[in-house]
Amino acid sequence: MIRTLAVENYRSLRKLIVPLDRLNVITGANGTGKSSLYRALRLLADSASGGAVAALAREGGLPSALWAGQAKAEATSMRLGFAGDEFGYAVDFGHPVPTSGEGATPSLFNLDPEIKRECTWAGPVLRPAALLCDRAGPAVRTRTADGGWHRTQGLRPYDSMLSELADPQLAPDLLRLRELIRSWRFYDHVRTDADAPARAARVGTRTPVLGHDGADLAAALQTIREIGDTGALDAAVDDAFPGTRVRVEDNGGRFEVRLHQRGLNRPLGAAELSDGTLRYLLWAAALLTPRPPSLLVLNEPETSLHPDLLRPLADLILHAAKDTQIVLVTHADPLAEAVAKGARRHRVDVNSVELVKESGETKVAGRESLLDEPLWYWPKR
Ligand SMILES: Nc1ncnc2c1ncn2[C@@H]1O[C@H](COP(=O)(O)OP(=O)(O)OP(=O)(O)O)[C@@H](O)[C@H]1O
Ligand SMILES: [Mg+2]
């Protein structure tokens, strides 16, 4: 489980250290930095699959991602990190060293950020004695079984040591950490419009994990029926739409969602469902996954849901929290309240984090002093 998330100089998150628990609800007014926090977690996950530099470049590179607020010196370093029960990880992005000039290979990628430092360590905080892997520019040292260091050179500035050096023999801890991060799952504004992929019939294959675009909704629902908690699926649908049942039909290999509603002569297909109904089914499929991830991050799941559906959605989230750590980013207070209420009923703790903006900078509401902040150290450049 992740215990601490730390972000520095990423958009409005100038210095943000957030404690995390099993079930976390992040709220805040418009523009306070909720989606930035979601994206910071995504960028960390991208590091493990070797895509963080590309993802940052797609956002407009460091010039756009770096905190643009007033400070004594302009921000030049953007850092992301987390620490969990087992491992901690931090990465430091900076401006590239220009490759123009004598003897240099010319490049058109001079705006791509570079990874300047990267560290993994055992336990909750970075200490020299706890270091497992330590990278400075192209040089990496990895702790060996006898307590010494194995050294490698030549890591490219746009590659993460997580994706390049995770070797079962040389760096088994790095491999475990990489697989842990790769199992994080993110859902953000899955489409439900008239042309949404979730509305089309598709060839079905066993789908324990709903895809990001929801195109495999029917297969994911059928997989829950066959190997997952089919009772919870029926209960979730009946809870939201009393008297309604969801079924999946196989039409010559193509799977289609069918909603059997009280008072209708024939079931409705996915193409006929309202946006809100389809979205709720997508959330049911995502949250009742038969293969729970170590971390599930949801960005504004309340979008296009009627207020009546927020309580059933909260119950689905609480159900998922039994097997998964959850970060719920929401600007719907009724959803946050429904989660808090359900949690009290189930005697589960909720870590509620309210973000506020002060002088262009995202802060955690209610922090009186630095002592309220979790302990965190960045690797030095
Ligand atoms: N490079 C930057 N430096 C400083 N602030 C930035 C930078 N880039 C974006 N911002 C600001 O960060 C703020 C946070 O945006 P974000 O999208 O995370 O807000 P949000 O809490 O998700 O809001 P909403 O509820 O509207 O979705 C915005 O006000 C934006 O102007
Ligand atoms: Mg947002």
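Just so you know, ligand 1 is whichever comes first in the structure, and atom 1 is the first atom listed for that ligand.
- Here the side chain of D216 pairs no donor or acceptor atom with the backbone of A219 at under 3.5 angstrom.
- For atom 8 (N) of ligand 1, a protein heavy-atom neighbour is present inside the 4.0 Å cut-off.
- Residue L66 places at least one N or O, backbone or side chain, under 3.5 Å from an N or O of ligand 1.
- Near A29, meaning under 4.0 Å from any of its heavy atoms, are these atoms of ligand 1: 21 (O).
- Centroid-to-centroid, the aromatic rings of W121 and Y377 stay 6.0 Å apart or farther.
- Contact check on D234 versus R225 returns a salt bridge, with a Lys/Arg side-chain nitrogen under 4.0 Å from an Asp/Glu carboxylate oxygen.
- Among the atoms of G69, none of the N or O lies under 3.5 angstrom from an N or O of ligand 1.
- Ring-plane geometry between W184 and F82 is classed as perpendicular, the angle between the planes exceeding 60 degrees on a 0 to 90 degree scale with a lower cut at 30.
- Protein non-hydrogen atoms do reach within 4.0 Å of atom 2 (C) of ligand 1.
- Ring orientation note: the planes of Y187 and H212 are tilted relative to one another, at an angle of 30° to 60°.
- In this structure, K357 is part of the shell of residues with a heavy atom less than 4.0 angstrom from ligand 1.
- Considering each of M78, R14, E300, the one bringing a non-hydrogen atom nearest atom 27 (O) of ligand 1 is E300.
- For G33, a nitrogen or oxygen atom sits less than 3.5 Å from a nitrogen or oxygen atom of ligand 1, counting backbone and side chain alike.
- Between the Mg ion (ligand 2) and S35 there is an N/O/S contact shorter than 2.8 Å.
- In this structure, R199 pairs ionically with D275, as a charged nitrogen and a carboxylate oxygen lie closer than 4.0 Å.
- When atom types are taken as modelled, the side chain of E272 and the backbone of G269 share a donor-acceptor pair closer than 3.5 angstrom.
- Near W67, meaning under 4.0 Å from any of its heavy atoms, are these atoms of ligand 1: 3 (N), 4 (C).
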